[in-house]
Amino acid sequence: SKWELILSWLTLPIDIDAIRNVLKSMVYFRFLPTLLKGFICVQTKGLDKAVEIYEDAIEKAPGFIPLYCLLGDIYQTLGQFDNAITEYKMAIWLDCLNISAYRHLCYSYEEVGDYDNAVETYEKLITETFKFIKHSKSNLHFSAISVVTSAASGRSGNRLRISAADLRE
């Protein structure tokens with residue numbers, strides 16, 4: 001609501017976590033031209049040019065996670081799954097709870113026939129997410145469970161069943 005928005009703006013100067021989140025979000029503006037250029041290349045089927053743009057951006061600013069994920073997505077589209085695996089691993093190394101990178105990494109492993117690593121990666125995702133859930137003091141439990149459940153189901157159609165008892169320490 002409008003009232004909540006006004007209150008959030010008024011409390012921003014004294015909320016340290018909110019200030020950190022705002023500053024972290026502002027980093028995206030720095031990369032907006034690069035992201036737009038790459039997006040246009042992808043949409044116009046200039047995937048090789050998009051790879052060059054994102055690789056150049058990563059060299060200039062290593063550690064910006066979305067660039068690794070975007071580059072991995074392009075490599076997947078090009079059928080270069082080994083390169084995609086490298087990029088998704090880097091994204092996960094930088095952010096161990098990047099669910100999208102885990103899922104795409106598993107897909108790449110499946111495409112190259114490396115099912116052992118795909119299963120291991122799904123297990124790692126579930127383990128890391130449960131660590132986060134158990135130590136979190138917020139009410140993210142049920143939304144995180146649904147994300148893990150959908151990630152763990154993969155393409156096999158099997159569903160992971162999680163009860164509230166699984167979350168208790």
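Heavy-atom basis, side chains included; hydrogens, waters and symmetry copies ignored. Nothing fancy with the numbering, it's 1 onward along the sequence.
- In this structure, the side chains of Ile92 and Leu97 stay at 4.5 Å or more apart for every pair of heavy atoms.
- When all heavy atoms of Cys106 and Ala118 are compared, the pair lying nearest together is SG-O, 3.5 Å.
- With rounding to the nearest 0.5 angstrom, the CG atom of Leu105 is 9.5 Å from the OH atom of Tyr122.
- When the options Asp73, Ile99, Asn98 are evaluated for a side-chain contact (heavy atoms from CB on, under 4.5 Å) with His104, the one that passes is Asp73.
- Side-chain contact between Gln76 and Tyr88 is present, with heavy atoms from C-beta onward closer than 4.5 Å.
- To the nearest 0.5 Å, atoms CD1 (Ile65) and OG (Ser100) are separated by 11.5 Å.
- The shortest distance between side-chain heavy atoms of Asn83 and Val51 does not fall below 4.5 Å.
- Distance check: Thr121 OG1 to Asp114 CG gives 8.0 Å after rounding to the nearest 0.5 Å.
- Annotation for Leu35 and Tyr54: closest pair O-OH, 3.6 Å, computed over non-hydrogen atoms.
- Ser108 contributes atom OG, which lies 11.5 Å from atom CD of Gln80 (distance to the nearest 0.5 angstrom).
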Query raised in the report: Hey, mind stepping through Ile85 and Val112 against side-chain contact (heavy atoms from CB on, under 4.5 Å) and telling me if it holds?
Result: CA-CA 10 Å; Ile85 288 168; Val112 296; 4.2 Å; yes
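- Linking Ile, Leu, Val, Met, Phe, Trp and Tyr residues whenever their side-chain heavy atoms come within less than 4.5 Å places Trp93 and Leu71 in a single cluster.
- Only one option out of Tyr109, Tyr75, Tyr107 pairs with Phe81 in a side-chain contact (heavy atoms from CB on, under 4.5 Å); it is Tyr107.
- No side-chain heavy atom of Ile58 sits less than 4.5 Å from a side-chain heavy atom of Phe64.
- Residues Tyr115 and Tyr102 do not share a hydrophobic cluster, defined by chaining ILVMFWY side chains whose heavy atoms lie under 4.5 Å apart.
- Summarising the geometry, atom SG belonging to Cys69 is positioned 9.0 Å from atom CG belonging to Leu94; distances are rounded to the nearest 0.5 Å.
- Contact of the Pro62 side chain with the Tyr68 side chain is registered, since non-hydrogen atoms from C-beta on lie closer than 4.5 Å.
- Ile53 contributes atom CD1, which lies 11.0 Å from atom CG of Leu67 (distance to the nearest 0.5 angstrom).
- Using a 4.5 Å heavy-atom cutoff, the side chains of Asp56 and Glu52 are not in contact.
- Counting all heavy atoms, side chain and backbone alike, Leu47 lies closest to Ile74 at O-CG2, 3.9 Å.
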